[in-house]
Engineer: 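What follows is a single structure, and I will ask about it in a moment.
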Amino acid sequence: CRCCAEGRRHSSILYSILRSEERAVPPAGPAPRGCPCGSRRRVALRSPQVACKAASAVLVKTLRFVQNVPCFQELPLEEQLLLVRSCWAPLLLLGLAQDRVHLETVESAEPSMLQRILTARQQGEQPPPRAPAPAPAPAPGRPQHGPHLPSAGDIQAIKGFLAKCWSLDISTKEYAYLKGTVLFNPDLPGLQCTQYIEGLQREAQQALNEHVRLIHRGDEARFAKLNVVLSLLRSINANVVAELFFRPIIGAVNMDDMLLEMLCAKL
């Protein structure tokens, strides 16, 4: 879209992040073990600058891939924005898996409820009150306002997705077909070209199935396994992805504005 490209191409904070040295990928740590309540602990990236640069580079590559899909270019700009805003997070995670970007996290220093209760009893005080119920989740594509760290369960869902992709040794073509299936989602409210987009998603799935049958003739379950990857993506909240990879460096980023700028620029 030329209408938005002029005057905005070099203004994005995203490009100031990417101008630094090439990203370094830290090794993946072992999966944490413990009681189920550990999934509610808050965690953060050990090296947020490194991870944010890596995620930003993958996001640029992902949107470049999307822009180079001829069928996507034929859609009206409003339809393009609606599709990208709804699927940028799963597309980013597929890109992270394809580039084998590992995540190394650390637990936050915030004391647990049990630690605060024990400390209060030792000091002869009353236990702290139970935290209020969480507020409703914000709209998709927008991170929550105020300081927030993803929980250990959130991170494990992302790591589990990455591990699943790596265990399947997904090829470049398979990643492309999976991205096409995610991108062309006809179930989004507000779409005008629903039948056309539904046809594109169906074609992506058919192409994936034909590729699997041709290359992996001895693995009849591979197509189903690849679709399990898509189901894992649906369980990961876009707000968590934004908080994890972009808030530590950029702050309270508005993903809608960033995606609009990137989509209208020549990446």
Side-chain angles (χ1 to χ4, degrees), residues 1-18 52 55-99 137-143 172-208 227 229-230 233-234 236-243 245-246 250 252-267:
C1 174
R2 298 188 180 91
C3 61
C4 304
E6 297 300 329
R8 302 186 65 183
R9 192 171 304 163
H10 303 291
S11 62
S12 173
I13 192 169
L14 181 64
Y15 295 100
S16 66
I17 295 174
L18 294 175
C52 187
S56 300
V58 171
L59 184 60
V60 170
K61 288 172 58 178
T62 299
L63 289 183
R64 186 183 296 125
F65 165 83
V66 169
Q67 289 176 324
N68 288 332
V69 176
C71 298
F72 182 81
Q73 296 176 353
E74 295 176 1
L75 291 169
L77 178 59
E78 293 77 10
E79 303 279 280
Q80 295 181 21
L81 288 174
L82 190 57
L83 291 174
V84 170
R85 284 170 175 168
S86 70
C87 70
W88 70 267
L91 288 179
L92 174 63
L93 292 174
L94 283 169
L96 293 174
Q98 186 173 6
D99 287 2
R142 295 179 181 270
T172 301
K173 281 191 175 182
E174 288 171 333
Y175 273 117
Y177 297 141
L178 288 173
K179 291 175 183 177
T181 302
V182 171
L183 174 63
F184 297 113
N185 181 7
D187 298 326
L188 297 177
L191 285 177
Q192 301 298 320
C193 307
T194 305
Q195 292 184 349
Y196 178 68
I197 294 172
E198 184 178 7
L200 295 176
Q201 186 184 65
R202 183 167 54 250
E203 289 179 10
Q205 279 280 285
Q206 290 175 349
L208 176 62
N227 278 284
V229 168
L230 296 179
L233 276 176
R234 299 186 189 101
I236 301 174
N237 194 299
N239 295 323
V240 172
V241 178
E243 293 286 347
F245 292 110
F246 298 108
I250 303 176
V253 59
N254 187 317
M255 291 305 300
D256 283 358
D257 291 344
M258 179 184 292
L259 293 170
L260 174 61
E261 180 177 336
M262 296 175 68
L263 194 62
C264 293
K266 293 181 179 180
L267 300 177

Engineer: Can you list, pair by pair, the side-chain donor-acceptor contacts under 3.5 Å of residues 187-196, counting residues two or more places apart and other chains?
Structural biologist:
| from | atom 1 | to | atom 2 | distance (Å) |
| --- | --- | --- | --- | --- |
| Y196 | OH | E74 | OE1 | 3.1 |

Engineer: Which atom names give the shortest non-hydrogen contact between E79 and I197, and what distance separates them?
Structural biologist: OE1-CD1, 4.2 Å
Engineer: Do D256 and L260 make a side-chain contact, defined as non-hydrogen atoms from C-beta onward lying under 4.5 Å apart?
Structural biologist: no
Engineer: Ignoring hydrogens and geometry, is there a side-chain-to-backbone donor-acceptor pair from Q73 to Q67 under 3.5 Å?
Structural biologist: yes
Engineer: Could you give the distance from CG (N239) to CE (M255), rounded to the nearest 0.5 Å?
Structural biologist: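 Separation between the atoms: 10.5 Å.
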Engineer: How long is the straight-line distance from CG of L83 back to CZ of F72, given to the nearest 0.5 Å?
Structural biologist: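 Answer for the CZ-CG pair, F72 versus L83, is 6.0 Å.
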Engineer: Of V60, V66, T62, which is the lone residue that meets side chain to side chain contact (heavy atoms under 4.5 Å, CB included) with R64?
Structural biologist: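 Answer after filtering V60, V66, T62: V60.
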Engineer: Hey, could you give me the CD1/CZ distance between I236 and R234, rounded to the nearest 0.5 Å?
Structural biologist: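 Separation between the atoms: 11.5 Å.
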Engineer: Apply the test side-chain contact (heavy atoms from CB on, under 4.5 Å) to residues E243 and V240: give CA-CA distance (whole Å), side-chain angles for both, the deciding distance (0.1 Å), then the verdict.
Structural biologist: CA-CA 5 Å; E243 293 286 347; V240 172; 5.7 Å; no
Engineer: Do F245 and L59 have side-chain heavy atoms sitting under 4.5 Å apart?
Structural biologist: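 Not in contact.
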Engineer: Considering non-hydrogen atoms only, spot the tightest contact between L75 and Q80 and give its length.
Structural biologist: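 Scanning both residues, the minimum pair turns out to be O-NE2, 2.8 Å.
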Engineer: Compare every heavy atom of L259 with every heavy atom of W88, then report the nearest pair and how far apart it is.
Structural biologist: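 That would be CD1-CD1, 3.5 Å.
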Engineer: Output side-chain donor-acceptor pairs under 3.5 Å for residues 177-184, partner residues at least two apart or in another chain, one line each.
Structural biologist:
| from | atom 1 | to | atom 2 | distance (Å) |
| --- | --- | --- | --- | --- |
| K179 | NZ | Q98 | OE1 | 2.8 |
| T181 | OG1 | Y177 | O | 2.9 |
| T181 | OG1 | Q205 | NE2 | 3.3 |

Engineer: Between CG of N227 and CG of L233, what distance do you get to the nearest 0.5 Å?
Structural biologist: 11.0 Å
Engineer: Enter the distance from L92:CG to S56:OG here, rounded to the nearest 0.5 Å.
Structural biologist: 8.5 Å
Engineer: Determine whether D99 and K61 make a side-chain contact, defined as any pair of heavy atoms from C-beta on separated by less than 4.5 Å.
Structural biologist: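 When only atoms from C-beta onward are counted, K61 and D99 do touch, with a gap below 4.5 Å.
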